[in-house]
Structures are given as C-alpha cells and as structure tokens.
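Below is one structure, written out as structure tokens; comments come after it.
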Number of protein chains: 2
Amino acid sequence: MEMLETRELRYFITVAEELHFGRAAQRLGMAQPPLSRAIQQLERRLGVCLLRRNRRGVWLTDAGEMLLHEGRAALDATTAAARRTRRAAGADRPGGPRSRLVLAVKAGASHELLHKLLDAYAADPDAAEIEVLPSGTCEQEAMLRDGRADVALMHAPFNSLAGFDSEELTTEGQIAILPAGHPLAAHSTLALDDVRDIPGLPLARWPRNGTYPPGPGPEIHDLTQLAQLIALGRTVAVFPDSARAWLWAEHTAVPLTDAPPVVTHIAWPAHSRSLALAGLVRTATRL
Amino acid sequence: MEMLETRELRYFITVAEELHFGRAAQRLGMAQPPLSRAIQQLERRLGVCLLRRNRRGVWLTDAGEMLLHEGRAALDATTAAARRTRRAAGADRPGGPRSRLVLAVKAGASHELLHKLLDAYAADPDAAEIEVLPSGTCEQEAMLRDGRADVALMHAPFNSLAGFDSEELTTEGQIAILPAGHPLAAHSTLALDDVRDIPGLPLARWPRNGTYPPGPGPEIHDLTQLAQLIALGRTVAVFPDSARAWLWAEHTAVPLTDAPPVVTHIAWPAHSRSLALAGLVRTATRL
DNA sequence: CCCTGTCATACCTGTTAGGTATCACCCAAG
DNA sequence: CTTGGGTGATACCTAACAGGTATGACAGGG
C-alpha cells in the first residue's frame with residue numbers, strides 16, 4: 001500500500017474547495033492538465049472515485065468528502081510539524097532563549113487575565129520566552145492545529161475544545177454594550193431577548209468559521225470598528241464581562257441575566273510534550 | 001515556504017528511530033546514500049539541524065526530537081486520511097452497506113457492554129455496519145489516530161482520552177484474579193498492597209507503550225496465556241470487574257477495596273463528522 | 001449551428017529520486 | 001604505528017515523473 005503524498009493532498013483539497021480544475025490550478029500556480037492528471041492518479045492509487053465529473057462541473061463523492069475533511073487535518077498536522085520544528089531549532093542555539101512558546105489570544109479578549117498570566121510566568125526562573133499572537137475571531141483552534149501557535153486562551157462556548165487538552169481558568173458573565181444615551185442603558189440588568197430585537201439598534205454580527213450569520217446588524221471586522229459603531233448609536237453587542245476593559249465613555253455596559261457564562265480555558269494540542277508548556281499551564285491554573 | 005513531503009517525514013522518522021542510516025535505509029527498502037541525501041535536503045529546506053552526526057553514531061537535536069513527535073502525528077493523520085477515504089468509498093456502491101464503522105475494543109474487555117451496544121445499535125433503522133476490531137493492550141488510541149478504527153471503547157485510567165472526543169459509559173471496580181486454591185482467595189475483599197507482593201505469586205506484567213514494566217512477574221501477551229498462568233498458580237492479576245465473564249473454574253475473583261475505579265468511555269477522533277458515528281454514540285449513552 | 005467553457009489526452013522536457021561505486025574518517029585490534 | 005571494519009558523505013548515472021504547451025472531446029447557450 002502506497003503512501004499518500006502531501007502534494008497530492010494539497011492538490012485534491014484545492015480542487016475539492018473550488019470544484020473547478022481551472023481555478024484550482026490557478027490557485028496552485030500551475031497549469032490545469034497536470035492537475036487533472038494528478039487527481040486521476042490519486043484516484044487510481046487509492047482505488048477510489050473521489051470526484052464526479054460532468055462537462056458542466058465537478059462535485060464530491062462521499063469518499064471525496066471524507067478525504068477533504070481528513071486530508072485537511074493531515075495537512076494541518078504536517079505544516080504544524082514543520083513550523084514547530086523550525087521554532088524548536090533556536091532552542092539549543094547559544095545565547096538564544098532556552099525555548100519559546102507562541103500563545104494565541106483572541107485580539108482584545110481577556111486582557112487582564114493575560115497580563116496576570118504573563119507576569120506570573122515571567123517570575124518562573126526557567127520560563128520560556130512567550131510570543132503573544134493575536135488571533136481573529138475563533139481562529140485559535142486553527143492556529144493550534146497548524147502549528148502557528150503552541151497554546152491558546154479559548155473561550156467556551158465560542159471556541160470548541162474538541163481535540164485539545166485544556167484547563168479551566170475563569171468564568172465570567174456577559175454584558176450588553178449599548179450607546180450611553182440609549183433608554184435601555186438606564187436599566188441595571190437586561191435579558192438576552194431585550195437586546196436581540198431593539199428597534200433601530202440591530203445586534204452586531206461576527207464571522208463564524210469565515211462567514212457572517214444572517215441578520216440586519218452590521219458586519220464587524222475588529223473591535224475598534226465595533227466600538228465606534230456602538231458609540232454612534234448604530235448597533236449593540238454582547239460581550240464577556242472582561243470587555244469592560246476597553247469601553248469608551250460613550251458606551252454603557254449592562255449585565256445580562258440569562259446569557260450563558262463564558263469560561264476561559266488554556267488549551268494546547270493533546271500530544272504536546274513540552275516542558276515549557278507544562279510550566280505555563282501550571283502557572284495559569286495557580287493564578 | 002515549501003511544504004514538507006510525507007516521503008521525507010517517513011525517511012526522517014525511520015532514521016530518528018534507528019539512529020543509524022544503514023539500518024534505516026534497510027528498513028525503508030532503499031540504499032543508504034539517497035537516504036543520507038534526502039535527510040540533508042530536508043535539513044536544508046527546513047533551515048534546521050535535525051541530527052548530530054559523528055563517525056561513531058547519530059543522535060537527535062531538540063529540533064529533531066520535535067520533528068520526530070510532530071511528524072509521527074502528521075504521518076498518522078495522513079495514513080488515517082487514506083484509510084478512511086478507502087473505507088468511505090464503499091458507501092455509495094449500490095448494494096453495499098450505507099456506511100461502515102470500525103470499532104476498536106481491547107480484546108476480551110467489556111464483553112457484556114459491547115454485546116448490549118451492538119444489539120441496541122442494530123435496532124436503529126439506519127444503522128451502519130459495525131466491524132469490531134480487537135486491539136492489543138492500549139492500542140486503541142493509535143488505531144483511532146492512524147485510521148484503522150473510527151471509534152473505540154476505552155478504559156480510563158489505562159487509556160488516555162487526550163485528543164479525542166468521548167462520552168462516559170460505565171464505571172466498575174477492580175478485582176484480583178487468584179488461583180482458586182490460594183490462601184488469599186478465601187478473603188472476601190483485598191487491598192492493592194495485599195496482592196502486589198505475594199510471596200511466590202508475582203503480579204503479571206502487561207506491555208505499556210510496547211514495552212514491559214520491570215518486575216518479577218511473567219510477561220503477558222494475551223488473555224488465554226494469562227488465564228492459564230493464573231490457573232497454574234504462577235501469577236496473579238488485577239482486572240476490572242467485567243473480567244469475571246471469562247474466569248475459569250480454577251480462578252477466584254476477590255474485589256479490591258482501594259483500586260482506582262475503571263471508567264469505560266466511547267471515544268472518537270475529535271474532528272469526526274460522521275452521522276453513523278453520531279448514531280452509535282447516541283445509542284451507547286442511552287444504554 | 002457555432003462559440004464558449006470545461007475536463008481529458010498527447011507529447012515534450014527539466015528535475016529529481018534512487019542506484020552503484022567510492023571516499024573520508026574514526027576507532028579498535030594487533 | 002598500522003590496518004581493517006564500519007560509519008556517513010560525495011560523485012556520477014539513469015529512469016521516473018512532475019509540470020508545461022497544444023489540442024481534443026463534449027455539453028449548453030446564444
């Protein structure tokens with residue numbers, strides 16, 4: 001039984017995403033004919049039909065669907081191996097840091113917690129160098145999987161901890177962030193339903209897995225943009241309690257009574273065996 | 001940045017395991033010079049020194065150690081992708097089963113539970129075909145990782161659930177299995193310390209991660225062998241309660257008061273998205 | 001009916017994976 | 001000190017194959 005090559009996986013995944021050999025070849029920086037041949041050869045070697053072709057297009061068989069999912073995981077693991085190996089190379093260089101960890105954090109979230117964690121860990125005599133890598137919305141999982149990060153702060157129920165080892169750090173409630181002058185801002189508490197359909201004040205929308213959920217609210221790319229839209233009275237947003245750290249004077253935070261609590265975890269790939277990581281996790285759980 | 005090829009990974013891992021280019025080349029079925037060159041090229045492409053060479057041998061740098069671990073995970077993911085794709089190929093063949101799941105079970109363990117699970121699941125109108133794959137000691141994790149299995153019954157604290165999704169099924173105590181005629185077999189309960197150092201009756205040893213822990217007891221390969229050695233009065237073993245199912249007349253089971261409870265879980269790769277798997281898990285948790 | 005867009009085929013070429021022969025080197029035995 | 005066995009590296013060759021260009025086959029829409 002022959003081994004699947006990464007190049008073949010990369011080709012197939014691109015074709016499966018585009019469902020179009022020409023565009024896929026373009027994305028791969030190659031001509032279409034060799035790509036067609038490579039996929040045919042892959043199908044022959046696996047003894048499996050991956051794509052149904054029609055003059056009018058291409059779509060995936062069940063087996064193709066499977067290879068798309070599993071192949072993505074395999075490619076992630078491979079690039080992770082390369083990235084982490086490159087990163088580990090500095091460790092035994094004279095004068096360099098003993099070792100180094102990349103910590104992925106959702107940009108703007110858990111600022112205070114992160115600060116305390118870094119301070120506490122720096123006190124550890126044989127602490128590794130920590131590089132903090134701000135990530136987009138819910139991008140931490142992907143960063144751990146493909147090796148851009150070694151460890152991450154994740155926020156249940158927004159992030160999924162499936163496939164990672166993790167330790168629980170803190171739990172917090174959620175708040176609604178309203179324009180300071182809005183009538184609802186006078187309340188001492190609110191319910192989720194109160195803020196879901198405020199006339200003239202639609203709930204802001206965040207990308208989940210790269211796409212925006214449907215709805216009337218504005219599509220948000222970063223926190224500054226959101227803060228401004230709230231201050232201008234154009235939208236309202238729901239955030240964990242720790243978001244109070246970056247509120248403006250034109251904002252008012254009102255606790256939500258029935259929003260699910262947000263649990264912050266420190267998470268890392270399940271197979272990690274790094275001493276530096278173990279030290280960081282120990283520090284985090286003792287905070 | 002160029003991509004790591006699976007062939008290179010396979011070569012490096014073999015060399016890292018053998019710490020000897022000649023033997024590694026032999027295991028890979030190739031000559032030594034091209035292997036040396038391939039590793040050199042890998043080091044150049046990664047920009048990293050993976051091996052320290054000496055005329056008297058080869059050993060791993062820190063980066064090499066990292067690539068050995070991460071590369072194994074990546075190779076497992078790749079072979080898993082190939083295996084699962086091949087397996088999924090039958091699904092849309094006319095006349096074949098709608099789909100198929102491979103369930104890894106430690107040989108001889110949880111017999112009754114397994115039976116109930118299979119019966120209950122077979123009642124499901126759109127049940128997949130289940131292939132039961134008996135695994136060696138603690139081999140289920142590896143089988144899930146490299147795609148030989150899709151789902152497994154695991155026994156904490158013997159198996160590690162790290163990196164998998166899982167649901168708890170049952171909890172049971174542990175028993176000591178003694179030769180029927182032994183003085184200790186008359187007791188109604190025992191403590192772990194009572195059976196750890198019985199004069200003339202050493203505790204049987206199981207392979208953990210492919211190697212046997214040190215000790216005076218016999219090295220066990222399969223249950224029949226163990227059962228015979230116990231019946232002959234040569235050894236004693238500690239097992240979960242459900243092991244009573246395969247006891248012989250010459251065996252006596254005595255409950256252990258202070259042994260950690262054994263928790264049986266059903267576990268699967270965290271990224272699985274199979275409907276058949278979801279159905280099986282639902283059935284299992286409702287038992 | 002032709003034109004456009006799609007994937008497949010035919011054929012060529014440069015790269016490279018892998019084989020054989022040999023070197024350079026260390027160490028141990030004499 | 002010398003020599004031989006065992007190690008990984010180098011030199012060189014060949015065959016396989018990845019990738020490019022040109023073109024074919026075929027379905028739908030104007």
Side-chain angles (χ1 to χ4, degrees), chain A residues 1-61 63-65 67-68 71 75 78 82, chain B residues 1-61 63-65 67-68 71 75 78 82:
Chain A
M1 162 154 121
E2 276 179 6
M3 198 75 182
L4 219 49
E5 282 303 323
T6 9
R7 185 175 40 80
E8 304 178 288
L9 268 183
R10 213 174 55 237
Y11 288 2
F12 173 75
I13 287 171
T14 309
V15 172
E17 283 172 354
E18 296 286 343
L19 292 178
H20 189 291
F21 280 81
R23 279 195 301 274
Q26 199 170 4
R27 249 182 65 190
L28 289 163
M30 66 188 291
Q32 169 259 319
L35 179 59
S36 281
R37 255 183 319 138
I39 300 291
Q40 285 176 55
Q41 179 179 339
L42 175 62
E43 287 180 305
R44 247 182 302 118
R45 291 191 2 174
L46 281 171
V48 159
C49 178
L50 299 169
L51 298 168
R52 286 268 127 82
R53 291 116 157 128
N54 207 335
R55 303 293 165 192
R56 202 87 209 110
V58 171
W59 64 100
L60 291 172
T61 64
E65 210 82 60
L67 187 59
L68 177 57
L75 268 197
T78 306
Chain B
M1 163 154 120
E2 276 179 7
M3 198 76 181
L4 218 49
E5 282 302 323
T6 31
R7 184 177 39 82
E8 304 178 289
L9 267 183
R10 214 174 56 238
Y11 288 2
F12 173 76
I13 288 172
T14 309
V15 172
E17 283 173 353
E18 295 287 343
L19 293 178
H20 189 291
F21 280 81
R23 279 194 302 274
Q26 199 169 2
R27 250 181 64 190
L28 288 164
M30 65 187 290
Q32 169 260 318
L35 179 58
S36 282
R37 256 182 319 142
I39 301 292
Q40 286 176 57
Q41 179 179 339
L42 175 62
E43 287 181 305
R44 246 180 304 119
R45 290 191 0 173
L46 281 171
V48 159
C49 178
L50 298 169
L51 297 168
R52 287 269 126 82
R53 290 117 157 124
N54 208 334
R55 302 294 165 190
R56 205 86 211 110
V58 172
W59 64 98
L60 292 172
T61 63
E65 210 81 61
L67 188 59
L68 178 58
L75 268 197
T78 306

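For CD of A:Gln26, the number of neighbouring non-hydrogen atoms (other residues, nucleotides, ligands) closer than 6.0 Å is 12 at most.
Separating the CD1 atom in A:Ile39 from the CZ atom in A:Arg53 is a distance of 7.5 Å, to the nearest 0.5 Å. A distance of 11.0 Å separates CD of A:Glu5 from CG of A:Leu42, quoted to the nearest 0.5 Å.
Residues B:Leu67 and B:Leu60 have side chains not in contact (no heavy-atom distance under 4.5 Å, counting atoms from C-beta outward). No side-chain heavy atom of B:Phe12 sits less than 4.5 Å from a side-chain heavy atom of B:Leu4.
In summary, the side chains of A:Thr14 and A:Glu18 do not present any donor paired with an acceptor at a separation below 3.5 Å, with no hydrogens or angles considered.
Within the structure, the salt bridge (charged side-chain N to carboxylate O under 4.0 Å, His left out) test picks out no pair touching residues 28-42 of chain B (sequence neighbours left out).
The two residues A:Ile13 and A:Gly71 come nearest to each other via the heavy atoms CD1-C, 3.5 Å.
For DNA chain C, the span of nucleotides reached by chain B at under 4.0 Å from its heavy atoms goes, 5' to 3', from C:dA17 to C:dC27.
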- Item | Under 4.0 Å protein heavy-atom contact, by nucleotide of nucleotides 8-21 of chain D - B base, S sugar-phosphate only | BBB-------SBBB
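Per the geometry, CG belonging to B:Leu35 stands 13 Å off C1' belonging to D:dT7, to the nearest Å.
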